[in-house]
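Read the structure below first, then the notes.
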Amino acid sequence: RSFVGTKVFNGYDCLIDGFSRQFDPSNLDRRVKSRQSFYLHLHGSPLYYTGIDGSLNKGSLSSIKQLEGHASLHLVLTHVKHKMSVIAASPILKEYWLRLEEAMSEVDCLILFGYSGADAHLNSLVERHFSSKDVHIVERKHIEYDTELGKSERFDFWTKKIGTAKKVCFWMDNILDFNRWPYEHNWS
């Protein structure tokens, strides 16, 4: 609810995460795509839990004490080589990754903030959906990138990770200062 109504989501009525009391993949079906957008917690959340009856639920921050003792299969905090098995074990996260692929097929540009390039499953999605689209990579500035050779090596690194998409790299002291969006904002 905090995002809807902000300038970033101007024009959207709602962001959907699959929960309406309980999680159900059909709750991620957008009936009016031009007015609805996904809100996908790809790494899960400690607020997601499976009830005793097998229902998939989302707690709130105010009820976090009541969630103690619930094992969460819906949270990815593991080494990169185990991530896909954790995602596959969670019906919520598995569905989020399917919907991420749908979202990627709809957009013209992808912006990666502070991403290491270590997740092969994400790299594969990016390579598949952005071979002819722009990928903007926002990374923390490093002295090695300040030379022509350094820049060339970094582009080679990203080409190996995500393929031959058109890449624009931004090296910044603070990635949160990034404001060079690939489109013109029209706030009305």
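In this chain, numbering begins with 1 at the start of the sequence shown.
H74 places a side-chain heavy atom less than 4.5 Å from the side chain of I92. Using a 4.5 Å heavy-atom threshold, the side chains of R99 and D29 count as touching. Counting only heavy atoms from C-beta outward, the side chains of Y39 and H41 approach each other to under 4.5 Å. D17 has its side chain within reach of Y96: a pair of non-hydrogen atoms, C-beta onward, lies under 4.5 Å apart. Using a 4.5 Å heavy-atom threshold, the side chains of V86 and K83 count as separate. Residues L56 and P91 are in side-chain contact: their nearest non-hydrogen atoms beyond the backbone lie under 4.5 Å apart. Between K141 and M172, the closest side-chain pair of non-hydrogen atoms is not below 4.5 Å. Within the 4.5 Å cutoff, side-chain heavy atoms of R154 are placed close to those of E139.
By the side-chain contact (heavy atoms from CB on, under 4.5 Å) test, E127 pairs with no residue at all, sequence neighbours left out. Qualifying side-chain hydrogen bond (donor to acceptor under 3.5 Å, both in side chains) partners for N27, counting only residues two or more places apart in sequence or in other chains: none.
In terms of modelled atom types and a separation under 3.5 Å, the side chain of S63 and the main chain of S60 share a donor-acceptor contact. Under the 3.5 Å distance criterion, the side-chain polar atoms of N57 are matched with a main-chain donor or acceptor of S55.
Residues C169 and W158 approach most closely at SG-CD1, 4.4 Å, considering heavy atoms.
Note on V80 and W97: separate hydrophobic clusters, where clusters join Ile, Leu, Val, Met, Phe, Trp and Tyr whose side-chain heavy atoms are under 4.5 Å apart, directly or indirectly. Taken together through direct or relayed side-chain contacts under 4.5 Å among Ile, Leu, Val, Met, Phe, Trp and Tyr, L61 and Y49 form part of one hydrophobic cluster. Residues F130 and L98 do not share a hydrophobic cluster, clusters being chains of Ile/Leu/Val/Met/Phe/Trp/Tyr side chains in contact below 4.5 Å.
For an aromatic pair to be called close, the ring centres must be under 6.0 Å apart, and Y48 with F23 fails this.
Remark: the K167 side chain and the T159 side chain contain an N/O donor-acceptor pair separated by less than 3.5 Å.
F170 and F178 have perpendicular rings, their planes meeting at more than 60° on a 0 to 90° scale where under 30° would count as parallel.
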Can you give each donor-acceptor pair under 3.5 Å made by side-chain atoms of residues 100-117, sequence neighbours left out, with the distance rounded to 0.1 Å?
from	atom 1	to	atom 2	distance (Å)
E101	OE1	R128	NH2	3.2
E101	OE2	R128	NE	3.0
E101	OE2	R128	NH2	2.9
E101	OE2	H129	NE2	3.1
E102	OE2	R30	NH2	3.1
S105	OG	E102	O	2.6
E106	OE1	R30	NH1	3.1
E106	OE1	R30	NH2	3.0
E106	OE2	R30	NH2	2.4
Y115	OH	D119	N	3.2
Y115	OH	D119	O	3.1
Y115	OH	N123	OD1	2.7
S116	OG	A118	N	3.2

Q | Pair I162-I137, side-chain contact (heavy atoms from CB on, under 4.5 Å): steps then yes or no | A | CA-CA 11 Å; I162 62 171; I137 301 163; 4.2 Å; yes
(Q) What verdict does the side-chain contact (heavy atoms from CB on, under 4.5 Å) test give for V126 and V135, after you've listed the backbone C-alpha separation in whole Å, the side-chain angles of each residue and the deciding distance to 0.1 Å? (A) CA-CA 9 Å; V126 172; V135 177; 4.2 Å; yes
Q: Please report the C-alpha distance between E95 and L28 in whole Å, then the side-chain angles of each, then the deciding distance to 0.1 Å, and finally whether the side-chain contact (heavy atoms from CB on, under 4.5 Å) criterion is met.
A: CA-CA 9 Å; E95 188 65 30; L28 284 165; 3.7 Å; yes
Q) Between D134 and V168, does a side-chain contact (heavy atoms from CB on, under 4.5 Å) hold up when you go through it step by step? A) CA-CA 7 Å; D134 290 358; V168 179; 5.5 Å; no
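Under a 4.5 Å side-chain heavy-atom criterion applied to ILVMFWY residues, the cluster that includes Y145 comprises F155, W171 as well. Grouped by direct or indirect side-chain proximity (heavy atoms under 4.5 Å, Ile/Leu/Val/Met/Phe/Trp/Tyr only), I52 sits alone. Through direct or relayed side-chain contacts under 4.5 Å between Ile, Leu, Val, Met, Phe, Trp and Tyr, L75 connects to L77.
Taking CG of L47 as the reference point, atom CD1 of I64 lies at 5.0 Å (rounded to 0.5 Å).
Around NZ of K166, the count of heavy atoms belonging to other residues, nucleotides or ligands within 6.0 Å does not exceed 12. Other residues, nucleotides and ligands place more than 12 heavy atoms under 6.0 Å from the CZ atom of R35.
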